[in-house]
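Letters A, B, ... mirror the listed sequences (proteins, then strands); counts begin at 1.
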Amino acid sequence: MPDITFPDGKIIKFKNNVSGLMIVETIGKSLAKEACVISVNGKLKDLNYEIKENSSVRIITSKDKEGLEILRHDAAHVLAMAVQELFPGTQVTIGPIIEDGFYYDFSRKEPFTKDDLEKIENRMKEIVDRDEITKREVWKKSDAINHFKKIGEHYKVQIIETISNDEEISIYHHGKWQDLCRGPHLLSTGRIGKAFKLTKVSGAYWRGDSKNEMFQRIYGTCWNNEKDLNNYLTRIKEAEKRDHRKLGKEMDLFHFREESPGSVFWHSKGWTLFLKLIDYMRIKQKNAGYQEINTPELLDKSIWEKSGHWEKFGELMFTSTTPDEKIFAIKPMNCPGCVQIFNRGLKSYRDLPLKMSEFGKVHRYEPSGALHGLLRVRAFTQDDAHIFCTEEQITQECLSVTNLILEIYKDLGFTNIILKYSDRPEVRVGDDKVWDKSEAALLEAIKASKLEYSVNKGEGAFYGPKIEYILRDAIGRDWQCGTLQVDLNLPGRLGATFIDKDGSKKIPVMLHRALFGSLERFIGILIEHYAGKLPLWLSPVQTIVLPISQDFDDYAKKVFEQLRKAGINCEVDLKNHKINYKIREHFLAKIPLLLICGKKELDTNTITIRRLGSEKQETINLDKAIRDISSQNKFPLN
RNA sequence: GCCCACAUAGCUCAGUUGGCAGAGUACUUCCAUGGUAAGGAAGAGGUCGCAAGUUCGAUUCUUGCUGUGGGCACCA
């Protein structure tokens, strides 16, 4: 005779054991329709789960986040069911929910084709129409193993074998089909609805290990209703429109080619943007007390053996053999080179903290399948710096790095930043006392920043804890950019020392830090964040002068020359096209400002300005226009 | 690296069961000389990613390679 307590505190007394379904039916018909599962004392249960004791419950509908997740999980089951109906002999493995959808991994020799995907989706809809009833059973582990062995589901057997003995083994039936699953699930397949779509098929390793067999993974997305589904599909399309590879081509910024996969051919406009970012950062870093250095691209193998990189990453390094058989590695990191400069000459504690920055171009032989436009390349420029300091200085230095990073992100239009903190891994070097100190120092710096942060236990580098700075872009995607690592290892390995107050030789702590990480990657992110519409100061072509007709070419050229003298990146378009055509062409190329001149402007020494995204026209005095544009053409230094 | 798909004009793409390669756009020239998101006409433009194979004949079929895309794995 359970008393059922609702979230609003209301209590209903039932005479007998009661199920979620019975509860919602007492409340109302529409709720009974919408309900997915029920939360009983904080645990999600099937709607037909029998409640025997006094409990507090919450009805989960598909409008709740958990409800939508249940929907997606059911869709994954129905996907597997459809696949096994259509392709007997296919083994099922796992089928979890993911952001915006679900997937299911299958073991089958023949690949699924695009047509198969369509067939499967149609069959899924049939299964929804069939409205197969869900039934949950608890089996003995040995029974479950025997059963799945008998029906040839060998991966399920492996999964069951890893379930601990005190855990229940529940089997869900949807009609005749069954799957090992923790649940909970909807009452029947009809409750999923049809707002789902299979999106892609790809390969995925069993248990996520590349040594294992590769399965075929089918991805799908599933929503409450058609409208949400369509919103999602539109969102994907919008993201595609921002793709930096597409915009990079359209805006004539860069290209890639077969002869050097993963390396960027920067066109003039792209390189202008690249250099602008560096110019800007040079100023920021100089103000923050950094000195800029530059170290060789090629360093003898021996230095990489000393640093430990050869052993760990040797296979992923580009190397070069000289005619006299010496092996040089093209640097995959800047730090060993930087330490050489630190080591030059005796350093005193008075020199610390010593901050050395380097726009170092590094090469890494990334696996071919990892390459992705500017976001994952084999040759990239790090906005790197190494800070040599004492243990006591760690907190202060981490704080100032964090502040610098936040300032720079803000200047570039990113205000939504989260931090990821990773502490000591199991396999590590260095004394635990030093780890205590550096972890505490890093944490203190994070807390002082007042930013949201998550902790990744044991994910730090083997030589020290780290922070990763993650920014959220205009359409809500997260990108990991900056990083700050405390290094208790490399300075010692590479012989860095300083003379402390008491005259003794000590090994400094080294902080590795990158603001954007990779300039190439960051430019990719910037392009997508702004959908190509870069702020004026970053635009490679800030303005184009457009004469109305050829009679005004000379005036247009004069305006162009004056703009150029004022340090503005500009062009003049003397092509024999109508003004409508030119405006369309250059706005499509994301030029932020267009300056138009015709008879009116020539007579009055003015210019008419149009801004990207606006239909307004503004005719102003030429000198004033140049002054205005110049004043906008400045680094956003606070 | 692994699985699947794709590779045709500068760009975006079509090419129907193997028979001399197509459109739009950009480009060049000409006409029009224009007032705020595509004026008009003509011309030029391709070893159909590379290499083998099958065939009288391959952009089309087969195999290998390279690159790209979507994932997986990796990411100092």
- Dot-bracket for RNA chain B, 5' to 3', counting Watson-Crick or G-U wobble pairs under 3.5 Å, with [ ] for crossing pairs and | for inter-strand pairs? (((((((..((((.....[..)))).(((((.......))))).....(((((..]....))))))))))))....
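Note on His372(A): every side-chain N or O is 4.0 Å or more away from OP1 and OP2 of rC75(B). Listed pair Ser210(A) / rC72(B) fails the phosphate criterion, with no side-chain N or O lying under 4.0 Å from OP1 or OP2. Residue Lys200(A) places none of its side-chain N or O atoms closer than 4.0 Å to OP1 or OP2 of rA5(B). For rG69(B), one of the phosphate oxygens OP1 or OP2 lies less than 4.0 angstrom from a side-chain nitrogen or oxygen of Arg245(A).
Ionic pairing of Arg235(A) and Asp100(A) is present here: one or more N-O contacts between side-chain nitrogen and carboxylate oxygen are shorter than 4.0 angstrom. Remark: Lys246(A) does not engage Glu240(A) in a salt bridge, criterion side-chain N to carboxylate O under 4.0 Å. Salt-bridge annotation for Arg72(A) and Glu69(A): absent, with no side-chain N of the basic residue lying under 4.0 Å from a carboxylate O of the acidic one.
Two residues, Ser614(A) and Ala461(A), neighbour RNA chain B, and the one matched to the more 5' nucleotide by heavy-atom proximity is Ser614(A). Mapping Gly369(A) and Asp551(A) onto RNA chain B by nearest heavy atom places Gly369(A) closer to the 5' end of the strand.
Residue contacts shown for Pro261(A) are limited to sugar-phosphate atoms, with no base heavy atom under 4.0 Å away. Within the nucleic acid shown, Ile548(A) comes within 4.0 Å of at least one base atom, counting heavy atoms only. Looking at heavy-atom distances under 4.0 Å, Ser549(A) makes contact with a base.
Within 3.5 Å, a donor on the side chain of Tyr205(A) pairs with an acceptor on the base of rG1(B), or the reverse. A donor N or O paired with an acceptor N or O is found under 3.5 Å between the base of rC75(B) and the side-chain atoms of Arg376(A).
Sorted by first then second residue, the salt bridge (charged side-chain N to carboxylate O under 4.0 Å, His left out) pairs that include residues 511-536 of chain A, not counting sequence neighbours, are Arg477(A)-Glu528(A). The side chain to side chain donor-acceptor pair (under 3.5 Å) contacts involving residues 578-595 of chain A comprise Asp573(A)-His586(A), where partners must be two or more places apart or lie in separate chains.
Counting only heavy atoms from C-beta on, Ser202(A) has its side chain closest to rG70(B) among rG70(B), rA73(B), rU68(B). With rC72(B), rA37(B), rA76(B) as the candidates, the nucleotide lying closest to the side chain of Ala204(A) is rC72(B). When distances run from any side-chain atom of Arg364(A) to the nucleotides rA76(B), rU66(B), rC72(B), the shortest one goes to rA76(B).
Among residues two or more places apart in sequence or in another chain, the salt bridge (charged side-chain N to carboxylate O under 4.0 Å, His left out) test is passed with Lys301(A) by Glu305(A). Partners of Lys420(A) by salt bridge (charged side-chain N to carboxylate O under 4.0 Å, His left out), not counting sequence neighbours, listed by chain and number: Glu468(A).
Following rounding to the nearest Å, Leu371(A) (CG) and rC75(B) (P) show an atom-to-atom distance of 15 Å. Between His586(A) atom NE2 and rA38(B) atom P the separation is 14 Å, expressed in whole Å. To the nearest angstrom, P of rG35(B) lies 10 Å from CD1 of Ile579(A). Distance, Arg217(A) CZ to rC3(B) P: 16 Å, rounded to whole Å.
rC50(B) and rU66(B) have their C1' atoms separated by 7 Å, given to the nearest Å. Nucleotides rC3(B) and rC61(B), compared at atom C1', are 24 Å apart to the nearest Å. Across rC13(B) and rC56(B), the matching P atoms stand 37 Å from one another, rounded to whole Å. Comparing the P positions of rC74(B) and rU47(B) gives a spacing of 43 Å, expressed to the nearest Å. Distance check on atom P: rG10(B) versus rC27(B) gives 14 Å, rounded to whole Å. Separating the P atom of rA38(B) from that of rU25(B) is a span of 14 Å, rounded to the nearest Å. rA52(B) and rU60(B) have their P atoms separated by 14 Å, given to the nearest Å.
For the segment residues 307-319 of chain A, residues with any heavy atom less than 4.0 angstrom from an atom of RNA chain B are, sorted by number, His309(A), Phe313(A), Leu316(A). Residues from residues 589-610 of chain A that place a heavy atom under 4.0 Å from any atom of RNA chain B, listed by number: Ile596(A), Gly598(A), Lys599(A), Lys600(A), Glu601(A), Thr608(A), Arg610(A). Listed in residue order, the members of residues 514-521 of chain A having a heavy atom less than 4.0 Å from RNA chain B come to none. Near RNA chain B, defined here as any heavy-atom distance below 4.0 Å, the residues from residues 90-115 of chain A are Pro111(A), listed numerically.
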- Nucleotide-resolved protein contact map, nucleotides 40-45 of chain B, B/S/- at heavy-atom distance under 4.0 Å: ------
- Produce a footprint string for nucleotides 59-64 of chain B: one letter per nucleotide, 5' end first; B if the base is under 4.0 Å from any protein heavy atom, S if only the sugar-phosphate is, - if neither. ------
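Remark: the Thr113(A) side chain and the Asp116(A) side chain contain an N/O donor-acceptor pair separated by less than 3.5 Å.
Scanning both residues, Pro336(A) and Leu494(A), for their nearest heavy atoms gives CA-CD1, 3.7 Å.
Between Phe516(A) and Tyr409(A), the ring planes lie parallel to each other; the angle is under 30°, not in the 30° to 60° tilted range. Note: Trp266(A) and Phe254(A) have perpendicular aromatic rings, judged against thresholds of 30 and 60 degrees for the angle between ring planes. Using cut-offs of 30° and 60° for the angle between ring planes, the His255(A) and Phe265(A) rings count as parallel.
Ring centroids of Phe106(A) and Phe87(A) are separated by 6.0 Å or more, keeping the two rings apart.
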Could you go through nucleotides 25-30 of chain B and list every protein N or O atom that sits under 3.5 Å from one of its N or O atoms, giving the distance for each pair?
{"unit_1": "rA26(B)", "atom_1": "OP1", "unit_2": "Tyr581(A)", "atom_2": "OH", "d": "2.5"}

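The neighbour count for Glu118(A) CD, taken as heavy atoms of other residues, nucleotides or ligands under 6.0 Å away, does not exceed 12.
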